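Note: hydrogens, waters and symmetry copies are ignored here, and every other heavy atom, side chains too, is used. Here the structure is a predicted model, which means the values were calculated and not measured.
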Amino acid sequence: MIGLFRRISHRTHHQNHGHVENDESWHPLPERIYRTLDKTTQMLRFTLPFPLLAYPFYLWNRSPGKTGSHFEPSSDLFVPSEKKDVITSAVCWTAMAALLVGLSFVIDPIQMLKLYGIPYWVFVMWLDLATYMHHHGHENKLPWYRGKEWSYLRGGLTTLDRDYGLINNIHHDIGTHVVHHLFPQIPHYHLVEATEAAKPVFGKYYREPKKSGPLPFHLLGNFITSLKKDHYVSSDSGDVVYYQTDPKLSSK
């Protein structure tokens, strides 16, 4: 239950990667928006396990500071020519949700939870973790851009590769994320090869990922550390900004 609208908004993410205001999904919050969040919202955004459950809520409401919804054809996420796609996707999504509710009565709610509910939320948690860690959680602070300082190349080079161990092949080597962002036309079965070819060109701008064991448990530590440190960026101190920490939140 992802929908065509997610494909469209993910395109927006690729076209604006590394841009403070124009990126989609896990982009940084300017301080002026961060300060408007109530304490409950701050807690939900930066405290485990809630960020790992964010995806369905993002589809409905987007991120703080953004307006519209993935289910709203008139949202600024979409251009007028995509209205039919959004409506079609919303109708199919609703029909699937209705089917699942109906099946829960026919089969059994607990059985449906086992067959669909739990696998769905495992998928959501993995999707949120992977998409977050490809743009956050490096040991060194990475820049985010706005205005004249942003370019497609500069934004793409802030993307991070990740090693997922045995899971690499299961999700088509998407851990090779830098090349995926800069050259999205490269098919997944050439991403590893393309990354190795691009490393000498990227030079110091490429950040070698930490090698994983069979399962990437090390990423949970990086994720938790980032949630404690990466809270907002300056609203008006220039066009190259870095994450800052809210000491009140990080001390909790």
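Evaluation of the ring-ring contact (aromatic ring centres under 6.0 Å, His included) rule for F202 yields no partner, not counting sequence neighbours. Take I167 and apply the side chain to side chain contact (heavy atoms under 4.5 Å, CB included) test, not counting sequence neighbours, and it matches W126, Y164, I170, H171, L215, P216. S81 meets the side chain to side chain contact (heavy atoms under 4.5 Å, CB included) test with V79; sequence neighbours excluded. With sequence neighbours left out, H135 forms a ring-ring contact (aromatic ring centres under 6.0 Å, His included) with H13, H177, H181. D230 meets the side chain to side chain donor-acceptor pair (under 3.5 Å) test with S226; sequence neighbours excluded. K210 pairs by the side chain to side chain contact (heavy atoms under 4.5 Å, CB included) definition with H218, not counting sequence neighbours. Residues satisfying the ring-ring contact (aromatic ring centres under 6.0 Å, His included) criterion with F223, sequence neighbours excluded, are Y132. With sequence neighbours excluded, the residues forming a side chain to side chain contact (heavy atoms under 4.5 Å, CB included) with D163 are N168, K211, S212, listed by chain and number.
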Check the pair Y242 / W144 against ring pair (Phe, Tyr, Trp, His ring centres under 6.0 Å), numbers first and verdict last. CA-CA 6 Å; Y242 297 83; W144 286 79; over 10 Å; no
Evaluation steps, side-chain contact (heavy atoms from CB on, under 4.5 Å), between Q15 and Y152: CA-CA 7 Å; Q15 291 174 338; Y152 183 83; 5.7 Å; no
Derivation and outcome, ring pair (Phe, Tyr, Trp, His ring centres under 6.0 Å), residues H134 and H180: CA-CA 11 Å; H134 283 142; H180 169 65; 8.4 Å; no
Under the salt bridge (charged side-chain N to carboxylate O under 4.0 Å, His left out) criterion, do D23 and R146 qualify, and how do the steps go? CA-CA 10 Å; D23 203 345; R146 58 162 69 98; over 6 Å; no
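For T41 and D38, the side-chain atoms include at least one donor-acceptor pair closer than 3.5 Å. Residues R32 and Y232 have side chains that never bring a donor and an acceptor to within less than 3.5 angstrom of each other.
The hydrophobic cluster containing V101, built from Ile/Leu/Val/Met/Phe/Trp/Tyr side-chain heavy atoms closer than 4.5 Å, also comprises F105. Cluster partners of L142, by chain and number: L160. The rule joins Ile, Leu, Val, Met, Phe, Trp and Tyr whenever side-chain heavy atoms lie under 4.5 Å apart.
Under a hydrophobic-cluster definition in which Ile, Leu, Val, Met, Phe, Trp and Tyr are linked whenever side-chain heavy atoms come within less than 4.5 Å, directly or via other members, W60 and Y120 are assigned to the same cluster. One hydrophobic cluster, built from ILVMFWY side chains closer than 4.5 Å, cannot hold both I118 and M112; they sit in different ones. The hydrophobic cluster containing L115 does not contain W121, counting ILVMFWY residues as joined when their side-chain heavy atoms lie under 4.5 angstrom apart, directly or transitively. Under a hydrophobic clustering in which Ile, Leu, Val, Met, Phe, Trp and Tyr are joined whenever their side-chain heavy atoms come within less than 4.5 Å, directly or via other members, V124 and L59 fall into the same cluster. A continuous path of hydrophobic side-chain contacts links L182 to L191 [ILVMFWY only; heavy atoms under 4.5 Å].
Within the 4.5 Å cutoff, the side chain of K229 has no heavy atoms near those of the K141 side chain.
Sequence neighbours left out, the pairs with a member in residues 72-84 that pass salt bridge (Lys or Arg N to Asp or Glu O under 4.0 Å) are R11-E82, R62-D76. Sorted by first and then second residue, the side chain to side chain donor-acceptor pair (under 3.5 Å) pairs involving residues 196-206 (not counting sequence neighbours) are D161-Y206, E196-K199, K199-E208.
A centroid separation of 6.0 Å or more is found between the aromatic rings of Y189 and H172. A centroid separation of 6.0 Å or more is found between the aromatic rings of Y243 and H231.
Judged by distance alone, with hydrogens and angles left aside, the side-chain atoms of S151 form a donor-acceptor pair with the main-chain N or O of R154 at under 3.5 Å.
Residue H70 is tested with Y58, Y55, W93, F57 for a ring pair (Phe, Tyr, Trp, His ring centres under 6.0 Å); the sole match is Y58.
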